[in-house]
Amino acid sequence: MRKRLLIPGPTEVSAEILREQERFLIGHRTREFTELYAGIIEKLNRFFQLPNNYKATVTTSSGTLWFDIVGRSIVKEKALACTNGAFSERFGKAIQACGRKVGFLEVEWGKAIKPDMVSKKLGSEEYDTLILCHNETSTGVRNPIYEIGKMMKKDYPDVIVAIDSISGMVGDKILPSEIGCDVIFASTQKCFALPPGLAVGIVSDRALERAKRVTSQGLYTSLVRILDYYERKHQTPFTPNISLLYALDKRMDLLLEETPEGVYKRHKAMAEYTRKWAKKHFALLPEPGYESVTVTCIKNTLGKSVKELNERLAERHFMISNGYGRLAEQTFRIGHMGEWDLEGVKEILWHIDEIWGLREK
Ligand SMILES: Cc1ncc(COP(=O)(O)O)c(C=O)c1O
């Protein structure tokens, strides 16, 4: 049964985009592929307003590959991992699994990571990389990456900054050079509104220089290999998911047509409407002022059954998300990202109001 997905990924993908994948395949070492892929990179450069010292790239993988890319290609000896939810914790553990040392700055779930917390922790020990999660999907917290980036530039200019913006990038405003980050990445099944299977990474020249000095990068996780191959051939080092690249190419055209500012405004409008609704009936999990613009995490203060709600919503061809892991039933999440707009959000909230009897009589 078809359900319209208001979960924080995978999200809805229009038939127009899905159909792009029906095109006949081309060889990945041909001129046609080079044109397709270089075209996508150029569109990513434009959308994220990348200056020459930043490189965009696409990997055939889910976003998690980039945890390993950071762990294998970027962290030299020791990273500081800032955690305030399930995904940021996973990022830190992934770096450890790559054999690098990790110190943790653990912040309560639902609270944001602030520049002064990071600064204090970085000052206590020697770290070569800072890793954080921009949009903590498990709690709906949006960490202040622009402010953290500013502090890093001033106080720790030699520390490389790697950011998971898997569920934020595109929907939220991401200008890597303004943030001052060195690596930032996302999966396509979130705000790019494509099927899962690709990840987009943006890397600074500084990060590439670091990668050149890091040993045991692995093969698929070698940032040097990925970027060097593009530099020399405008192709990917290994066979990519060509069908999904067709879809990404089309998506980038649509995003550029809407403009980065337009896309952000649409997401902000959806988030603000959802938050207002949530505060009227429930409460928000994130600390005020640090709420995500792509996923709203709501405290289930009325003790309703989220599982039952989703069963009822399924009959109406909709799906939202329960709370993540241990937050299940205590919270629920609405993913308003990708192709969704305010009308769609109003529609889902109308259904929830009706099913849970929240509408004013
Ligand atoms: C913040 C964050 N990080 C990492 C991941 C894992 O991404 P993927 O499933 O694309 O590997 C997710 C997925 O929901 C996420 O939201």
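In listed order, ligands and their atoms are each counted from 1. Quick note: numbers below take in every heavy atom, side chains included, and nothing from hydrogens, waters or symmetry partners.
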Near Lys268 NZ, under 6.0 Å, is it more than 12 heavy atoms from other residues, nucleotides or ligands? no
Can you check whether Gly63 has an N/O within less than 3.5 Å of an N/O in ligand 1? yes
Can you check which of Val295, Thr294, Thr137 brings a heavy atom nearest to atom 1 (C) of ligand 1? Thr137
Among the heavy atoms of Cys133, does any lie under 4.0 Å from an atom of ligand 1? yes
Are Arg46 and Phe48 in a cation-pi contact, defined as NZ or CZ under 6.0 Å from the six-membered ring centre and within 45° of the axis? no
Looking at Glu308, I want to see if its CD is surrounded by more than 12 non-hydrogen atoms of other residues, nucleotides or ligands under 6.0 Å. no
Do any nitrogen or oxygen atoms of Glu136 lie less than 3.5 angstrom from nitrogen or oxygen atoms of ligand 1? no
Mind checking whether Asp164 contacts ligand 1 via backbone (N, CA, C, O), side chain (CB onward), both or neither, at a 4.0 Å heavy-atom cut-off? side chain
Measure from NZ or CZ of Lys114 to the centre of the six-membered ring of Tyr290, then state whether that distance is under 6.0 Å and the direction lies within 45° of the axis. yes
Taking only heavy atoms of Ser187 into account, list the atoms of ligand 1 that are under 4.0 Å away from them. 7 (O), 8 (P), 10 (O)
With the threshold set at under 4.0 angstrom, would you say His134 reaches ligand 1 through any of its heavy atoms? no
Output yes when the distance from some N or O of ligand 1 to some N or O of Asn135 is under 3.5 Å, and no in every other case. no
So which protein heavy atom does atom 9 (O) of ligand 1 come closest to, and at what separation? Gln189 NE2, 3.7 Å
Tell me, please: is Leu65 in heavy-atom contact with ligand 1, that is, under 4.0 Å? no
Value for CH2 (Trp109) from CZ (Arg326), rounded to nearest 0.5 Å, stands at 4.0 Å
Greater than 12 external heavy atoms within 6.0 Å of Glu125's CD: yes
heavy-atom search around atom 4 (C) of ligand 1 in the protein gives Ile166 CD1, 3.3 Å
